Number of protein chains: 2
Amino acid sequence: MKKIIEKLKEKNIKITPQRIAIIEFLMSTKSHPSAEDIYKEISKKYPSMSYATVYNTLITLKNLGEVVELAIDSDKKRFDIDTSLHHHFYCTRCKRVYDLSKNFIIEAISTIDGHNVERTFLNFTGICNKCLKEEKDEQDRKKS
Amino acid sequence: MKKIIEKLKEKNIKITPQRIAIIEFLMSTKSHPSAEDIYKEISKKYPSMSYATVYNTLITLKNLGEVVELAIDSDKKRFDIDTSLHHHFYCTRCKRVYDLSKNFIIEAISTIDGHNVERTFLNFTGICNKCLKEEKDEQDRKKS
DNA sequence: GTTCGTGCAAATCTTTTGCAGTTTC
DNA sequence: GAAACTGCAAAAGATTTGCACGAAC
């Protein structure tokens with residue numbers, strides 16, 4: 001919490017009650033909430049809260065590296081303020097997202113923590129070799 | 001291709017030119033296209049093609065287990081007709097989705113196939129232990 | 001001929017944007 | 001007081017739905 005506030009100050013990003021409420025809510029839950037979940041929860045205390053502010057804050061925190069946007073629920077974005085290395089399990093029935101530890105058996109498995117795993121996706125996100133090459137070519141061109 | 005057609009016939013799902021075009025396109029590409037990509041490609045040959053038909057067909061094929069809906073691009077759904085066990089790499093810059101083989105080193109890694117991996121998500125999808133328990137409780141109640 | 005599918009348009013849902021007024025520092 | 005933020009409403013993008021007409025079997 002303090003660490004995030006410090007980071008906001010460093011970057012000249014203003015500390016508003018809405019932002020604090022969103023950060024506090026994210027830190028209080030392991031539910032990997034969607035923007036809507038966050039909006040509804042915060043609205044209880046701040047009836048004037050708007051979606052614009054929720055999305056605004058989430059994008060700000062994501063850009064700071066203090067929130068991770070999860071692509072596990074294909075219907076909507078889900079957010080996690082725990083940016084440490086860990087993985088997720090998504091229930092296709094209730095849409096809950098569970099944390100998985102870094103240390104799990106990485107074979108084709110039929111059971112994790114008692115869940116019935118139907119399908120395993122190992123997804124990696126980053127900059128691809130095509131983009132890296134284009135970027136390098138671009139730099140080389142500028143040099144010469 | 002034939003296998004899918006057979007499956008459609010079995011289930012009394014009609015074989016239409018649009019559906020064939022969509023299946024053929026999906027089989028011809030490794031780009032993991034979105035509904036829009038599919039719509040645009042098929043529209044070249046079938047100018048009357050509609051999004052409704054694209055989504056319709058994708059849902060049908062997904063329900064048959066012949067297409068997988070990928071939750072890796074958090075902006076939109078991406079589809080893969082290769083339902084064999086494999087994983088994906090998503091480029092945050094160009095939005096390409098690459099196939100990864102089942103056999104890759106599963107440690108914290110900084111390079112896969114020359115891509116610069118920023119973040120690793122290991123996502124598992126299925127029915128969670130809460131839902132399984134509810135289902136079991138439900139069944140037990142019916143029995144007694 | 002019956003059943004199912006297509007295509008259009010409208011609707012819905014999620015997310016983004018423009019902007020006037022307000023708050024933070 | 002300047003810069004940044006909020007909240008509203010409108011817009012945009014993705015997906016779904018209702019329904020009249022048409023195609024597949």
Side-chain angles (χ1 to χ4, degrees), chain A residues 4-23 25 32-64 67-79 95 97, chain B residues 4-23 25 32-64 66-79 92 95 97:
Chain A
I4 298 181
I5 303 288
E6 286 310 313
K7 210 161 180 175
L8 291 172
K9 282 185 186 169
E10 268 176 36
K11 307 267 181 180
N12 283 325
I13 297 169
K14 298 207 156 52
I15 319 293
T16 65
Q18 294 90 335
R19 284 187 173 152
I20 291 176
I22 291 171
I23 294 168
F25 173 55
H32 308 81
S34 65
E36 186 188 8
D37 297 333
I38 296 166
Y39 171 77
K40 287 190 175 158
E41 182 61 29
I42 310 285
S43 291
K44 294 180 190 166
K45 288 186 185 170
Y46 291 86
S48 71
M49 171 68 52
S50 74
Y51 273 102
T53 299
V54 171
Y55 280 108
N56 231 345
T57 297
L58 288 171
I59 290 167
T60 300
L61 292 171
K62 180 185 159 193
N63 289 340
L64 284 177
V67 154
V68 178
E69 183 185 290
L70 305 183
I72 191 168
D73 177 344
S74 65
D75 289 332
K76 56 175 79 163
K77 292 173 180 167
R78 307 277 293 249
F79 298 89
K95 319 291 189 195
V97 174
Chain B
I4 298 181
I5 303 288
E6 287 310 313
K7 211 161 180 175
L8 291 170
K9 283 185 186 167
E10 269 176 37
K11 307 268 180 177
N12 283 325
I13 297 170
K14 298 202 158 51
I15 320 291
T16 66
Q18 293 89 335
R19 283 185 175 155
I20 291 176
I22 291 170
I23 294 168
F25 173 55
H32 309 80
S34 64
E36 186 188 8
D37 297 333
I38 296 167
Y39 170 76
K40 286 190 173 159
E41 182 61 30
I42 311 286
S43 291
K44 293 180 190 167
K45 288 186 186 171
Y46 292 85
S48 71
M49 170 70 51
S50 74
Y51 273 102
T53 299
V54 171
Y55 281 108
N56 232 345
T57 298
L58 288 171
I59 291 166
T60 301
L61 292 172
K62 180 186 158 192
N63 289 341
L64 284 178
E66 294 299 332
V67 153
V68 178
E69 183 185 290
L70 304 183
I72 190 169
D73 177 344
S74 65
D75 289 332
K76 55 174 79 163
K77 292 173 179 167
R78 307 278 294 249
F79 298 89
T92 52
K95 320 291 190 195
V97 173

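Residue numbers begin at 1 in each chain, while the letters A, B, ... track the order of the sequences. The structure presented is a predicted model; accordingly, all values stated were derived computationally and were not measured.
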*Under 4.0 Å from any heavy atom of chain B: name the first and the last nucleotide of DNA chain D that qualifies, 5' to 3'.*
D:dA14 to D:dC25
*If only atom types and distance count, is the side chain of A:Arg19 paired as donor or acceptor with the main-chain N or O of A:Lys14 below 3.5 Å?*
yes
*asked:* Please check: side-chain N/O of B:Lys76 versus main-chain N/O of B:Ser34, any donor-acceptor pairing under 3.5 Å?
replied: no
_Upstream residue (5' side of DNA chain D) when B:Lys9 and B:Lys77 are each assigned their closest nucleotide_ = B:Lys77
*Using heavy atoms to find the nearest nucleotide of DNA chain D for A:Thr57 and B:Ile13 separately, return the residue whose nucleotide is more 5′.*
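That would be A:Thr57.
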*Just checking, any donor-acceptor pair under 3.5 angstrom between side chains of A:Ser74 and B:Glu69?*
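Indeed, the side chains of A:Ser74 and B:Glu69 share at least one donor-acceptor pair under 3.5 Å.
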If you look at every heavy atom in [X] and [Y], which pair is closest and at what distance?
{"X": "B:Val54", "Y": "B:Ile22", "value": "CA-CD1, 4.0 Å"}
{"X": "A:Lys7", "Y": "A:Leu64", "value": "NZ-O, 3.2 Å"}
{"X": "B:Leu61", "Y": "B:Ile4", "value": "CD2-CG2, 3.9 Å"}
{"X": "B:Ile42", "Y": "B:Ala21", "value": "CD1-O, 3.3 Å"}
{"X": "B:Met49", "Y": "B:Tyr39", "value": "O-CE1, 3.1 Å"}

*Across the strands shown, which category fits A:Lys14 at heavy-atom distances under 4.0 angstrom: base, sugar-phosphate, nothing?*
base
*Hey, which of these two, A:Ala52 or B:Arg19, hits DNA chain C nearer its 5' end, going by closest nucleotide?*
B:Arg19
*How do A:Lys76 and B:Tyr46 order along DNA chain C: which one's closest nucleotide is nearer the 5' end?*
B:Tyr46
*Could you list where the contact with chain B starts and ends along DNA chain C, reading 5' to 3', using a 4.0 Å heavy-atom cut-off?*
C:dT3 to C:dC8
